[in-house]
Amino acid sequence: MKEEHKKSIREISPIDVYKLLPRTNCAECGEANCMAFATKVVNGEAVIEGCPPILTKSYEKDLGKLQELLAPPVRVVYFGTGPDQQTIGGKHVLYRHEFTYQNPPPIAIDISDDMENEQITARINKIQDFSYTYIGRPLALDALAVRSVTQSPDRYKEIIQHICGLCNLPLILCSTDPAIIKAGLTVCAERKPLIFAITKENWKEMGELVLDFCCPVVVSAPGDLSLLRTLVRTLQEWGIEDMVLDPGTFHSDRIGQTIHLFTALRKAAIKDFDSLSGYPILGTPISVWNGQELSDDLNRWQEAYLASMLITRYADLLIMHSIEGWALLPQLIWRFGIYTDPRKPVSVDAGVRTFGNPDKNSPVLITSNYALTFFTVESDIKAAKIDCYLIVIDTGGLSVEAAVAGRYLTASKIAESLKEWKADTLVSHKYLIIPGLAARLSGETEEETGWRVLVGPRDSSGIGQMIREHWPPADE
């Protein structure tokens, strides 16, 4: 393998990227110059396709070199089409603190072909309706894994047709029988489903299907990484490129083996640059339902904690059975946290938010633009049914206490925000409520703004009581 292929993105200098850019400083990318753009590309904050000139024929060779230079050790694989298409893999590092994890693992929920059509419809509706807004970001389920239980190609084809008529969610076709997979592909190949799976027993017949229908495929060898790599090498030589690896997901007293297999694969890809290991990894927490006889709740509990562990330990795609909120919501929130850029606090836009029907006599409050702070304050204001204006100040995504300590929230910053958002035109009074955690800024803020400052509660849950007891101010 060529030495330049052995660079992780953290070892690539912005100069390496800059040398291959047009270097015209045209600013079409939105940055001041090519070096600034190159730096953002290396930091994962921009993609090379964001440079319009590099996409022209004049720079075709340089684009190819850049794509090769920046290619992640773990290949990117797509399944599904249109706005619901899922992107998996594309990882550059082992640990999140080294570089932002790319492409959160989609969570697919299973459907089996022994279910009645009415049951399937109800389950799909529940899957599609499963959503939760977490600090302003919508969390939802991503795909369907259609399992063949009846072992009937005709029934499998029928169920795939039924599902395609109900939703546009990406599909994973689950069977090791090529005849069943072919039956499903005849009615959904244009949706580019993921085929699960090629094994040592069916690799030739299933491989031909993959080549004929141009779909990505899972290569499965549970518990045997040597066999898995052998299958991958064979398929690579056959011209199959879009693969996902299934090293096996074991549960109960074999969880340690599962973590070992996943970690070994990812280390081989990232640290050893092993091209046979450099593919997305499939985790199947659903496997707990095939084990010992347990109560449904205990199965769901095992599936839930196994899914959490796999999100942490390199799974790029998960297949689950449970659709209960308590089992799934923690996975969605944990996934969101793991795949958030650790260098950038989650924030909201600065500006004025209006709650209820405020008038010229309504209170004006301020808060930081840290997402968790804002949505907590928003929730508490709505719960208290307060008519007010809330000015969200750009604190660099820091919470109130951190922003005050770091001088990202200061009296002058508050004054600038009041002026920028024309607070004096919103109300006829000059009273401003600041968070209790910013109490030490009250005197300076009065001097800087000319507004009288009221110090609010340290916890926004007390806003309602404060407004009821102290608004309007006694000297108003």
Side-chain angles (χ1 to χ4, degrees), residues 76-90 102-134 137-149 153-175 180-197 209-210 212-218 242-244 280 282-286 307 315-325 327-329 331-332 335-336 339:
V76 174
V77 173
Y78 305 93
F79 71 101
T81 56
D84 296 305
Q85 183 182 69
Q86 298 297 315
T87 304
I88 57 177
Q102 307 293 319
N103 305 320
I107 295 177
I109 303 298
D110 80 308
I111 288 175
S112 58
D113 65 358
D114 61 343
M115 298 170 65
E116 298 294 333
N117 285 4
E118 294 76 13
Q119 292 177 299
I120 293 171
T121 300
R123 189 167 174 83
I124 288 177
N125 288 339
K126 193 168 184 179
I127 292 167
Q128 289 187 302
D129 292 342
F130 192 99
S131 64
Y132 180 76
T133 301
Y134 178 65
R137 274 62 172 180
L139 307 179
L141 301 171
D142 309 289
L144 300 176
V146 188
R147 298 187 295 115
S148 174
V149 175
D154 291 338
R155 175 55 182 159
Y156 198 71
K157 179 178 179 179
E158 179 187 344
I159 192 178
I160 295 294
Q161 285 179 316
H162 182 63
I163 291 170
C164 290
L166 293 174
C167 70
N168 294 316
L169 288 171
L171 302 177
I172 304 173
L173 306 187
C174 304
S175 176
I180 290 174
I181 293 297
K182 184 175 182 179
L185 286 172
T186 57
V187 293
C188 71
E190 72 282 354
R191 294 176 62 155
K192 198 176 181 182
L194 175 64
I195 298 172
F196 179 27
L209 282 177
V210 171
D212 288 344
F213 288 92
C214 299
C215 291
V217 66
V218 176
D242 292 334
M243 290 181 275
V244 178
L282 169 67
T284 55
I286 190 176
D316 297 290
L317 171 64
L318 295 176
I319 298 177
M320 298 183 66
H321 174 73
S322 303
I323 53 174
E324 286 70 26
L328 286 174
L329 190 55
Q331 318 311 324
L332 298 177
R335 179 181 69 178
F336 175 87
Y339 282 80

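Because the structure is a prediction, the values reported are computed rather than measured.
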Side chains of [X] and [Y], heavy atoms from C-beta outward: is any pair under 4.5 Å?
| X | Y | value |
| --- | --- | --- |
| Thr121 | His162 | yes |
| Leu318 | Thr284 | no |
| Val187 | Lys157 | yes |
| Asp154 | Glu158 | no |
| Phe130 | Ile323 | no |
| Ser131 | Pro138 | no |
| Leu194 | Leu173 | no |
| Met243 | Val77 | no |

I need the full list of salt bridge (Lys or Arg N to Asp or Glu O under 4.0 Å) pairs touching residues 106-121, with sequence neighbours left out, sorted by first then second residue.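 Only Asp110-Arg123, Asp110-Arg147 qualify under salt bridge (Lys or Arg N to Asp or Glu O under 4.0 Å).
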
Please name the pair of heavy atoms, one in [X] and one in [Y], separated by the smallest distance, quoted to 0.1 Å.
| X | Y | result |
| --- | --- | --- |
| Asp142 | Pro105 | OD2-O, 4.4 Å |
| Ala183 | Pro153 | CB-O, 3.4 Å |
| Arg335 | Pro106 | NH1-CA, 3.7 Å |
| Gln128 | Cys167 | NE2-CB, 3.1 Å |
| Asn103 | Val76 | ND2-CG2, 4.4 Å |
| Leu332 | Ala140 | CD2-O, 3.6 Å |

So how far is it from [X] [atom1] to [Y] [atom2], rounded to the nearest 0.5 Å?
| X | Y | atom1 | atom2 | value |
| --- | --- | --- | --- | --- |
| Cys164 | Leu171 | SG | CG | 5.5 Å |
| Leu185 | Cys214 | CG | SG | 11.0 Å |
| Ile163 | Leu169 | CD1 | CG | 10.0 Å |
| Ile160 | Ile180 | CD1 | CD1 | 11.0 Å |
| Asp242 | Cys215 | CG | SG | 9.5 Å |
| Phe196 | Ser148 | CZ | OG | 13.0 Å |

Name the one of Ile195, Ile172, Val218, Val217 that satisfies side-chain contact (heavy atoms from CB on, under 4.5 Å) with Val244?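 In the set Ile195, Ile172, Val218, Val217, the residue that makes a side-chain contact (heavy atoms from CB on, under 4.5 Å) with Val244 is Val218.
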
Between Ile127 and Leu144, does the side-chain contact (heavy atoms from CB on, under 4.5 Å) criterion hold? Intermediate values first, please. CA-CA 9 Å; Ile127 292 167; Leu144 300 176; 3.6 Å; yes

Enclosure of Lys182 NZ (heavy-atom neighbours >12, cutoff 6.0 Å):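 No, the 6.0 Å shell around NZ holds no more than 12 heavy atoms from other groups.
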
Where do Ile107 and Ile319 land on the side-chain contact (heavy atoms from CB on, under 4.5 Å) test, with the steps shown first? CA-CA 6 Å; Ile107 295 177; Ile319 298 177; over 6 Å; no

Determine yes or no for a side-chain-to-main-chain donor-acceptor pair under 3.5 angstrom, with Tyr156 supplying the side chain and Val146 the backbone.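 Yes; at least one donor-acceptor contact below 3.5 Å.
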
Applying side-chain contact (heavy atoms from CB on, under 4.5 Å) to Tyr134 and Leu329, what does each step give before you reach the verdict? CA-CA 10 Å; Tyr134 178 65; Leu329 190 55; over 6 Å; no

Output side-chain donor-acceptor pairs under 3.5 Å for residues 78-88, partner residues at least two apart or in another chain, one line each.
unit_1: Gln85; atom_1: NE2; unit_2: Gly80; atom_2: O; d: 3.2
unit_1: Gln86; atom_1: NE2; unit_2: Asp84; atom_2: O; d: 3.1

Could you go through the side-chain contact (heavy atoms from CB on, under 4.5 Å) check for Thr133 and Leu139 one step at a time? CA-CA 6 Å; Thr133 301; Leu139 307 179; over 6 Å; no

